[in-house]
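Report on the following structure.
Order of the sequence lines sets the chain letters (A, B, ...), proteins ahead of strands, with each chain counted from 1.
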Protein chains: 2
Amino acid sequence: MDKQTITIYDVAREAGVSMATVSRVVNGNPNVKPTTRKKVLEVIDRLDYRPNAVARGLASKKTTTVGVIIPDVTNLYFSSLARGIDDIASMYKYNIILANSDENEQKEVQVLNTLLAKQVDGVIFMGNKITEELRAEFSRSRTPVVLAGTVDPDEQVGSVNIDYETATKDSVELLLENGHKKIAFVSESHDEPINGQFRLKGYKQALKDASIEYDENLVFQSEYTYKVGEAVYEQLIKVDATAVVVADDELAVGILNAALDRGVSVPEDFEIITSNNSKLTEMTRPQLSTVVQPLYDIGAVAMRLLTKLMNKEEIDEKTVKLPYTIAGKGSTK
Amino acid sequence: MDKQTITIYDVAREAGVSMATVSRVVNGNPNVKPTTRKKVLEVIDRLDYRPNAVARGLASKKTTTVGVIIPDVTNLYFSSLARGIDDIASMYKYNIILANSDENEQKEVQVLNTLLAKQVDGVIFMGNKITEELRAEFSRSRTPVVLAGTVDPDEQVGSVNIDYETATKDSVELLLENGHKKIAFVSESHDEPINGQFRLKGYKQALKDASIEYDENLVFQSEYTYKVGEAVYEQLIKVDATAVVVADDELAVGILNAALDRGVSVPEDFEIITSNNSKLTEMTRPQLSTVVQPLYDIGAVAMRLLTKLMNKEEIDEKTVKLPYTIAGKGSTK
DNA sequence: ACAAGAAATGAAAACAATTTCAACATAAAC
DNA sequence: GTTTATGTTGAAATTGTTTTCATTTCTTGT
């Protein structure tokens, strides 16, 4: 009546062997006589038997599934990482449970818990801040965790990033070389280590090296969306900034367009450099100068690292920093 | 030594009740005396018991997980759908296993099979063409399937779309009203029903209504990427097209930029209308005129439909068409 | 106070695999 | 031709729940 499923038991009976033997055949265990293997395979084929991964997961305590917590799939920065993650995951026969968190701390914890309840073999976390609660959950479970494009100063779990500090420093220096004195810096909340600790530090350092005094009026915290670009640009001109370092591409496009819509020439009258090198940076006119992050690779390497942790392999360095470059495109001279 | 997990059995023992009672408490079954419920809850809290979803899935034959097959998360059209899917899914306590297919028929089948092996309660498929093999798998398993932004002329499974034919017809008519005679049409392969059957039909119909003869030299099949925009634009000017209807936003941006980079004014000298209304359409200058598809809603409605199918609820209409509009933005007069 | 119906509980059987360990068969060694 | 080692196999336990069904405990009406 109900969906009559073929189980390993049916195959065993039909092939005249035990379930154990069928299991061995299915799992490629070499301790099976070739003739019986063939016989079992033939029955599997005839009955169209498909192993039940849930039962397998219960018995073996492995689900070949990893949880991926992402702020928003719709954000090109994160979706690029996600693509790298999924490709490597499927290369290693894992599947991905993807969950959007909106960077909401409560959702993050809640989602992490349901992933752990589902017995994922590992977790890749993308977000910004690792709250205490999150950290507690990480260590409570034995499940390996890797952060992608996300840093935890605590360094208790694996992580893959670039050196945001020097990348930002390089960005600012590019603008300094172009003669700017009033360079603004726009990122999300400084509560997040990537912004508040690393990027801001790089920004300050570059200014210091150029003997320009740090002016906190030039530093802004804003959400990462296209639509706030208008408002942010208004603030930038209010403080007479002539150039800006932006931590997110979508926001950078918003700022660029706000400038263009006001008849301001970019890069002649205003320069912009952004941080992610998502596809967006080449879609605007002028194209956006940017830090070139290896987005796909950050995801891919994070997933690869996770496979090693799940296999309990020896890890040389679980905090990895990938190389970046700076691409001067059209939004800087 | 190993990850010593607390099981329902531990809770039962500690609370002096049976596993069945603990199970009832955990699942909110009302047939439990308030005092024992309280006692059990207290033990659950004290031991920090978390139910194992895999065991639960095996026993109940429900995983509260749905599979989502997506061509590429990195494509804003699809990721927008995916976001709608995930939001509704989590609203109904489901998780999403996301798998990229690259629209590769072989991968699609393979991925579908691993999803079914993982006993997902339902599948949402985004792609283009439902091959015979895919269709066979769909009906082989009793697992409900809903197509999102994807049409199967067969209409055997649920689906959520817009009316691509009239949307395209409307798009062409907008350009006709602006006086164009040589309007090109660019989409992916005509093997896909959305393009070859519906959009192309709408294109032809609009021309016919305007008594303009159909010219197949004005019709192009191209992949949906930004970078081929250049090449496509070259072809468009070669056939003297003065306007174009594009089936994908990213490709449309590529074409727009190719035109702009050659000093062609849009919309004065060349008009473009695209089809998805992804964020990209507002990020370009000029902004792209477009068919306004309710992307998020397509995903959301698809997931909602799937929940009904999974619950075996009565469905009035499993082939749903959502409304669309046309937004004349900056790339048309 | 008692029968009858309802509510609360527990024992044990699924669920569909893997895994352990003992048993048997075969091959190699002497 | 034993003995020993190695290769194959199966029985049964295990995994952590849900679910069924029988049993016990309450209510309630008379």
Side-chain angles (χ1 to χ4, degrees), chain A residues 1-41 43-44 47-65 114 116-121 141-142, chain B residues 2-41 43-44 47-65 114 116-121 141:
Chain A
M1 185 99 281
D2 226 57
K3 68 163 119 172
Q4 45 114 52
T5 44
I6 311 290
T7 73
I8 199 173
Y9 176 77
D10 299 316
V11 176
R13 180 173 34 72
E14 203 73 9
V17 300
S18 71
M19 289 161 53
T21 298
V22 178
S23 176
R24 288 188 187 98
V25 170
V26 170
N27 293 295
N29 185 319
N31 286 357
V32 180
K33 203 169 17 161
T35 66
T36 72
R37 177 188 309 280
K38 196 176 161 219
K39 182 175 57 181
V40 170
L41 249 18
V43 173
I44 285 177
L47 300 188
D48 195 19
Y49 164 72
R50 320 269 184 115
N52 179 324
V54 173
R56 205 193 276 232
L58 181 59
S60 69
K61 294 174 163 305
K62 293 206 170 103
T63 54
T64 62
T65 302
T114 83
L116 294 175
K118 294 212 169 172
Q119 313 298 116
V120 294
D121 296 336
S141 85
R142 287 256 142 287
Chain B
D2 225 55
K3 69 163 113 173
Q4 44 115 54
T5 44
I6 311 289
T7 73
I8 201 173
Y9 175 78
D10 300 315
V11 176
R13 181 172 33 72
E14 203 74 9
V17 299
S18 72
M19 289 161 53
T21 298
V22 178
S23 176
R24 289 188 187 98
V25 170
V26 169
N27 294 297
N29 184 318
N31 288 356
V32 180
K33 203 167 23 157
T35 67
T36 72
R37 178 189 306 280
K38 198 177 159 217
K39 182 174 60 182
V40 171
L41 249 17
V43 173
I44 285 176
L47 301 187
D48 194 20
Y49 164 72
R50 321 269 185 113
N52 180 323
V54 173
R56 208 193 275 233
L58 180 59
S60 69
K61 295 175 164 303
K62 293 206 171 107
T63 54
T64 62
T65 303
T114 84
L116 294 176
K118 294 212 168 171
Q119 313 297 119
V120 294
D121 296 335
S141 84

### Message
Quick check on D/dT17: is either OP1 or OP2 less than 4.0 Å from any side-chain nitrogen or oxygen of B/Y49?
### Response
yes
### Message
Taking the side chain as everything from C-beta on, heavy atoms only, tell me whether B/Q119 gets closer than 4.5 Å to A/N52.
### Response
yes
### Query
CG of A/N31 versus P of C/dC21: gap in Å, rounded?
16 Å
### Query
Start at the 5' end of DNA chain C and walk down; is the nucleotide closest to B/P34 or to A/K33 reached first?
B/P34
### Message
As a quick check of understanding, evaluate side-chain contact (heavy atoms from CB on, under 4.5 Å) for A/V32 and A/K38, giving each step before the final call.
### Response
CA-CA 10 Å; A/V32 180; A/K38 196 176 161 219; over 6 Å; no
### Task
Can you tell me the distance, in whole Å, between the OH atom of A/Y9 and the P atom of C/dT18?
17 Å
### Task
Tell whether B/R50 reaches the base of D/dG16 with its side chain through a donor-acceptor pair below 3.5 angstrom.
no
### Task
Look at the side-chain N and O atoms of B/T36 and state whether any lies under 4.0 Å from the OP1 or OP2 oxygen of C/dT9.
yes
### Query
Can any side-chain N or O of A/N27 pair as donor or acceptor with the backbone N or O of A/R24 at less than 3.5 Å?
no
### Task
Taking only the side-chain nitrogens and oxygens of B/S18, find out if one of them lies under 4.0 Å from OP1 or OP2 of C/dG10.
yes
### Message
When you measure from the side chain of B/S23 to the backbone of B/M19, do you find a donor-acceptor pair of N or O atoms at a distance under 3.5 Å?
### Response
no
## Note on the structure
Atom CD1 of B/I8 and atom P of C/dG10 are separated, to the nearest Å, by 12 Å
### Summary
Rounded to whole Å, the CD-C1' distance (A/Q119 to D/dT17) equals 11 Å
### Query
Base, sugar-phosphate, or nothing for B/S23, non-hydrogen atoms under 4.0 angstrom?
base
### Interatomic distance where NZ belongs to A/K62 and P belongs to C/dA17 [whole Å]
18 Å
### Message
At less than 4.0 Å, is any side-chain N or O atom of A/T5 found next to OP1 or OP2 of C/dA16? Yes or no.
### Response
yes
#### Entry: Any donor-acceptor N or O pair under 3.5 Å, side chains B/K118, B/T65
no
### Query
Roughly how many Å is it from CG in B/D10 to C1' in D/dT17, rounded to a whole number?
13 Å
### Task
Scan B/V17 against the nucleic acid and name what it touches under 4.0 Å (heavy atoms): base, sugar-phosphate only, or nothing.
sugar-phosphate
## Note on the structure
Whichever of A/V22 and B/G16 has the more 5' nearest nucleotide on DNA chain C, that residue is B/G16
### Task
Keeping the roles fixed (side chain from B/D121, backbone from B/K62), state whether a donor-acceptor pair exists under 3.5 Å.
no
### Query
If you check the B/N27 side chain, which of D/dC21, C/dT18, D/dT18 turns out closest?
D/dT18
### Task
Send over the distance from A/M19 CE to C/dC21 P, rounded to a whole Å.
18 Å
### Query
For the pair made of NZ in A/K39 and P in D/dT8, what is the distance, rounded to whole Å?
14 Å
### Query
Where along residues 51-59 of chain A does a heavy atom come under 4.0 Å from DNA chain D, residue by residue in number order?
A/L58, A/A59
### Query
Using a cut-off of 4.0 Å on non-hydrogen atoms, how would the nucleic acid contact of B/T7 be classed: base, sugar-phosphate, or nothing?
sugar-phosphate
### Query
Could you give the distance from OH (B/Y49) to CD1 (B/I44), rounded to the nearest 0.5 Å?
7.0 Å
### Message
Whether B/T21 contacts C/dG10 is assessed here as follows: a side-chain N or O lying under 4.0 Å from the phosphate OP1 or OP2. Is that the case?
### Response
yes
#### Entry: Heavy-atom check, side chain of B/K33 versus side chain of B/T36, under 4.5 Å
yes
### Message
Quick check on C/dA16: is either OP1 or OP2 less than 4.0 Å from any side-chain nitrogen or oxygen of B/K61?
### Response
yes
